[in-house]
Amino acid sequence: MRMASGVLREALIDVDAIAENVRHLRRLTGVEVIAVVKAEGYGHGAASRGRRAAPRWREPYSASPTSTKRSPCGAEESARRSSRGCTLPVRRSPRPSARTSSSGSPTSTSCCVRGDAAQGDRPAAVHLKIETGLSRNGIAPADWRVVFSEAARLERIGRLRVVGLFSHLSNTSEADDRAALARFEEGVVLAAAAGLNPPLRHIAATHAAIALPEARLNAVRIGIGIYGISPFDDRSSADLGLRPAMTLRGAVAAVRRVPAGTGVSYGYAYRTETDTTLALVPLGYADGVPRQASGRGPVTINGRRFTVAGRIAMDQFVVDVGDHPVAVGDEAVLFGDPTLGVPSARDWADAADTIDYEIVTRIGARVPRREVGA
Ligand SMILES: Cc1ncc(COP(=O)(O)O)c(C=O)c1O
């Protein structure tokens, strides 16, 4: 297959696949799906993907049921987000407890819980994140009581609206996730006792949303699943009824016939065994193609699967295509939907000894994203 002339490299984003994945996950879980679009929509391009994934998408920051999960911000930024009708995640205690190492600096947490994010008559809508065992950034259990009662007070005076209570699982084992869930339920009870009844309670990301039905509560926060990638080691996207949305491809930039024994790319980590044809693909580690996958990453060109020959360089790599007919401008697919006969992001993750989350989110800004689908 030929690439359009003038296109060196691109990531095709199948917006129908994203919409279908969201519908599928909604049906499967039976609860509200909050689409996670951080890291530019896991590398897929945040705004347009979010709009497709979430009927209630708001720009430039999202509102439930889409979550940008951006970094903590100051009071001014919180107020700006709030004034746009966004819901804000509140992750840390307003004041550091003796048992936490929170800095107490004006993060989104402190300004929201103080109610600074409210704009005029409009209370800031927030999701409170509580720590249940991941040891990252939820409100520490020791602070639950004080934060909940302050949040309830701010609700009563119209400064805050707690629309969600949430946490995040470690996916270490089912037993660990169940223990975190039990801690979360304690948080729900304490919040209710303080007078908070957030309509949304969510703890499950893609893994638990599929594997641990009791963790679905009344909403799930799905990232990788909406982009059609499986979070399981032993279950593919197709096993889960999901379709990968991103296809990364480049146009063969040069072909060269070389004799046996020709060294290829830096360090001659690969030498041709016979007379053969080398095809140059204009994608490299500057585009997010992992150098660790040198000599291992798979590529499909004109219906045949090859392996990267030698080292992946900054802007390009070489494929030994043997006698397979390949011409300049032919499409080289690094990954996409494997049911269509191309490698998967998981294949690249395996080749680079990482996870497919990293493969898709690292695709660089100079690779244009082009939407395909309805
Ligand atoms: C707090 C939180 N929720 C949800 C997600 C989505 O996870 P997944 O992509 O596995 O669905 C993430 C991902 O990093 C996260 O940090």
Side-chain angles (χ1 to χ4, degrees), residues 17-18 21-22 24-26 28-29 31-44 46 49-50 53-54 61-72 87-92 107-109 126-139 163-174 176-177 180-181 183-184 187 200-213 215-237 239-246 345-346 349 354-363:
I18 293 176
N21 293 333
V22 172
H24 175 68
L25 289 160
R26 249 190 220 136
L28 179 82
T29 60
V31 297
E32 179 114 47
V33 169
I34 299 173
V36 178
V37 297
K38 64 178 171 174
E40 290 298 311
Y42 284 48
H44 294 63
R49 305 301 86 68
Y61 301 106
S62 64
S64 177
T66 303
S67 159
T68 52
K69 298 193 62 348
R70 286 175 185 246
S71 319
T87 49
L88 306 168
V90 174
R91 304 187 180 93
R92 273 184 234 128
T107 61
S108 62
T109 308
V126 300
H127 291 239
L128 294 179
K129 183 175 191 186
I130 61 174
E131 159 64 16
T132 58
L134 191 57
S135 307
R136 287 199 330 197
N137 54 9
I139 299 162
V163 296
L165 189 69
F166 75 111
S167 191
H168 194 40
L169 296 169
S170 71
N171 299 338
T172 306
S173 68
E174 203 172 297
D176 284 296
D177 285 352
L181 190 54
R183 263 174 248 132
F184 185 78
L200 291 176
R201 287 169 288 111
H202 43 107
I203 193 167
T206 308
H207 190 287
I210 294 170
L212 197 62
R216 292 174 190 160
L217 307 176
N218 66 358
V220 289
R221 250 181 359 263
I222 308 278
I224 203 75
I226 68 174
Y227 308 104
I229 292 176
S230 165
F232 299 93
D233 290 338
D234 56 352
R235 292 161 83 183
S236 69
S237 303
D239 291 341
L240 303 177
L242 300 173
R243 203 147 64 78
M246 184 191 290
R346 175 68 53 87
T354 183
I355 52 174
D356 28 20
Y357 287 67
E358 189 177 346
I359 298 296
V360 289
T361 54
R362 284 197 144 196
I363 298 309

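Owing to the predicted nature of the structure, the values given are computational and were not obtained by experimental measurement. Note that ligands are numbered from 1 as they come in the structure, with each ligand's atoms numbered from 1 the same way.
Of the N or O atoms in Lys129, none lie within a sub-3.5 Å distance of an N or O in ligand 1. When only interatomic distances are considered, the shortest N/O to N/O separation between Val36 and ligand 1 does not fall below 3.5 Å.
For Arg221 and His168, the side-chain atoms include at least one donor-acceptor pair closer than 3.5 Å.
Using a 4.0 angstrom heavy-atom cutoff, Arg136 counts as in contact with ligand 1. Judged by the shortest distance from any of its heavy atoms, His207 lies outside the 4.0 Å radius around the atoms of ligand 1.
Val36 has its side chain out of reach of Thr206: every pair of non-hydrogen atoms, C-beta onward, lies at least 4.5 Å apart.
Of all heavy-atom pairs spanning Ile203 and Ala180, the tightest one is CD1-O, 4.2 Å. Summarising the geometry of Asp176 relative to Ser170, their closest heavy-atom pair is CB-OG, 4.3 Å, with the distance given to 0.1 Å.
Every atom of ligand 1 is numbered from 1 in the order shown, and the set under 4.0 Å from a heavy atom of Tyr42 is 6 (C), 7 (O), 8 (P), 9 (O), 13 (C). Set against the non-hydrogen atoms of Ile224, the atoms of ligand 1 under 4.0 Å away are 8 (P), 9 (O), 11 (O).
By the 30° and 60° cut-offs, the orientation of the rings of Phe166 relative to His202 is parallel.
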